[in-house]
Engineer: 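Submitted below is the structure of interest, expressed as structure tokens.
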2 protein chains.
Amino acid sequence: MSEPLSDSSDFALRQLRGLLAQLSDHGSDAQLPPERTLSLQIGVGRRALRRALEVLEAEGRIWRRQGKGTFVGSEPQRKEVDLEALSSGTNPLEIMEARLEVEPGLARLAALRASNGDLERLDHLARKTASSADGDMDSRELWDGAFHRAIAESAGNSLLLVFFDIMNQIRQDPTWRRLREQARSRPGQRQYVDQHTRVVEAIVARNAEAAEQAMREHLETVRESLLRLMTRSSRPRQDNDPADSPSPDGQGRPAA
Amino acid sequence: MSEPLSDSSDFALRQLRGLLAQLSDHGSDAQLPPERTLSLQIGVGRRALRRALEVLEAEGRIWRRQGKGTFVGSEPQRKEVDLEALSSGTNPLEIMEARLEVEPGLARLAALRASNGDLERLDHLARKTASSADGDMDSRELWDGAFHRAIAESAGNSLLLVFFDIMNQIRQDPTWRRLREQARSRPGQRQYVDQHTRVVEAIVARNAEAAEQAMREHLETVRESLLRLMTRSSRPRQDNDPADSPSPDGQGRPAA
DNA sequence: TTGCGAAACCAATTGCAAAATGGTTCACGA
DNA sequence: TCGTGAACCATTTTGCAATTGGTTTCGCAA
């Protein structure tokens, strides 16, 4: 903008604008000739050409990629979500917060849309969860996961199901598993079983509001036990201690 | 299980189990020798070997991939989400349903966590949306998108932000754009502006419940106009016509 | 000294062919 | 009938050369 270009760069820039005007007519993702060729065609050095290209790139008229080429238009955005990056960029509290946003809604939709087959399966899984409450952690984990996913499937929304799976997959990450193993070894399993049962009962009764509320209460319980676990482990002792809950929590959610 | 194996296959199976026991000690994702080599080492034909491998694969002890090899353990799950497949497997109503699950929560969290800089930006974007209400569709679209995303950012949850971006990106798909262009060309823009304003006011006032509610009402409005548009276009005329709303809606949501 | 052009080199990407490997078919023979 | 060996098919990896943008160096001229 402010920096005035040299004579040859300015000439190249004007030539390029003309070329872009031609190319943009037929196809917006056209590829420009390589720099070496362009510099010969325009009759200017490669350095001067590149300065002109930098201007066009800054303007968003073109985008360049080493080893690939120079293209008209804006760079196409990536068509996939990287779970690794996502996993390393979040934390357990964020996940619980997201679950609290998504899963109660899934339970509500499940109450409205679950087929009779779905209902049978849910009932079966809730019983399995209950009977495995005294078993080893792995099987408890397994049945619990299957239970929550069955609800997500019954909701009949493929997009929300993908969101659920993303969260689930991040939770499977070895880094998080250790934390969950700690949490699971604590009491509270019985409470979870009761809460699961209440969710299923509401869904079977086609009571959407009750299902949403039951799931929310269940997840709040899980979140609180997680929170307790994390604050304990970061400061070994000291119970009954207010303050120091930086920001990732502090929601004061009145349970809708 | 039930099918008894032939002598040589059974021999190969026992040999392989021994090999797996060795390999699983040092590294769970070890690669087995290629089938041709293995069949020579064990001294059995390739066909017999493959039947033994099939058993192990069915048991989940190994997994195989053509052109790659045979490996110990279970197949690693994919570490990315394909937006193309997701886009082609969903529909506008599903997206609106998902938005209704996620975005009101984002507005609530934004009210609790937005920085002062965020608030300024939101206010600015809401005004821009308002002033562009009479402009061309592209700019309206642009400011509206920026507004919703600013709220998602202000909520301070990277996971939910990704969910928002996924939905947003699917909506950018050329297939959906045509539909939205139709919707946008209809009246109702003024109403949207008012609703945006109400959301921002609630967030600025740090009123979480009001922000959630305002966003929900806004999205309900959008959803209903979408629904109207789709039922109209599928059956050219006929207003005031009950029935025929198969299932993707029928929520009867009493607004929390 | 400064700026330009030419050349050389670096780094990322693509394309292609060959090799490796699991999947499949077929003829032969015990 | 069933296993063996061989051949062939389909997918994936690997190595290498070519392409291309990114950077540095050198020489030359204004």
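In what follows, every chain begins at residue 1, and chains take the letters A, B, ... in the order their sequences are listed. Remember, predicted model here, so these are calculated numbers, not experimental data. The figures that follow rest on heavy atoms only: side chains count, while hydrogens, waters and symmetry mates do not.
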Engineer: Could you tell me whether a side-chain N or O of D165(B) sits under 3.5 Å from a main-chain N or O of V162(B), the two making a donor and an acceptor?
Structural biologist: no
Engineer: In whole angstrom, what separates L38(A)'s CG from dT19(D)'s P?
Structural biologist: 16 Å
Engineer: Do T90(A) side-chain atoms and S87(A) backbone N/O form a donor-acceptor pair below 3.5 Å?
Structural biologist: no
Engineer: Please report the distance, rounded to the nearest Å, between CG in D7(B) and P in dT4(D).
Structural biologist: 10 Å
Engineer: Is it the case that the side chain of N157(B) and the backbone of E94(A) share a donor-acceptor pair, with hydrogens and angles ignored and the cut-off at 3.5 Å?
Structural biologist: yes
Engineer: Taking NZ, NE, NH1 and NH2 as the nitrogens, is one of them in E75(B) or R64(B) under 4.0 Å from a carboxylate oxygen of the other?
Structural biologist: no
Engineer: Which part of the nucleic acid, if any, lies within reach of S39(A) when heavy atoms closer than 4.0 Å are counted: base, sugar-phosphate only, or nothing?
Structural biologist: nothing
Engineer: Heavy atoms of chain A, cut-off under 4.0 Å: which first and last nucleotide of DNA chain C, 5' to 3', fall inside that, if you could look?
Structural biologist: dC4(C) to dT14(C)
Engineer: Over all strands shown, is S9(B) touching base, sugar-phosphate only, or nothing at heavy-atom distances under 4.0 angstrom?
Structural biologist: nothing
Engineer: Can you say whether the rings of F163(B) and F163(A) are parallel (under 30°), tilted (30 to 60°) or perpendicular (over 60°)?
Structural biologist: parallel
Engineer: If you compare every side-chain N and O of K68(B) against the phosphate oxygens of dT13(D) (OP1, OP2), does one of them come in below 4.0 Å?
Structural biologist: yes
Engineer: Report the distance from atom CG of L16(A) to atom P of dG21(D), rounded to the nearest whole Å.
Structural biologist: 12 Å
Engineer: Can you classify the ring geometry of H124(A) versus W143(A) as parallel (below 30°), tilted (30 to 60°) or perpendicular (above 60°)?
Structural biologist: perpendicular
Engineer: Pick the nucleotide of DNA chain D nearest each of R36(B) and R64(A); which residue has the one closer to the 5' end?
Structural biologist: R36(B)
Engineer: List in numerical order all residues of residues 41-54 of chain A for which some heavy atom is under 4.0 Å away from an atom belonging to DNA chain C.
Structural biologist: V44(A), G45(A), R46(A), R47(A), A48(A), R51(A)
Engineer: On the 0 to 90° scale, with breaks at 30° and 60°, tag the H196(A)-H148(A) ring pair as parallel, tilted or perpendicular.
Structural biologist: perpendicular
Engineer: What do the steps show when you test E97(B) against R113(A) for salt bridge (charged side-chain N to carboxylate O under 4.0 Å, His left out), and what is the final call?
Structural biologist: CA-CA 13 Å; E97(B) 190 172 278; R113(A) 298 200 187 134; 2.3 Å; yes
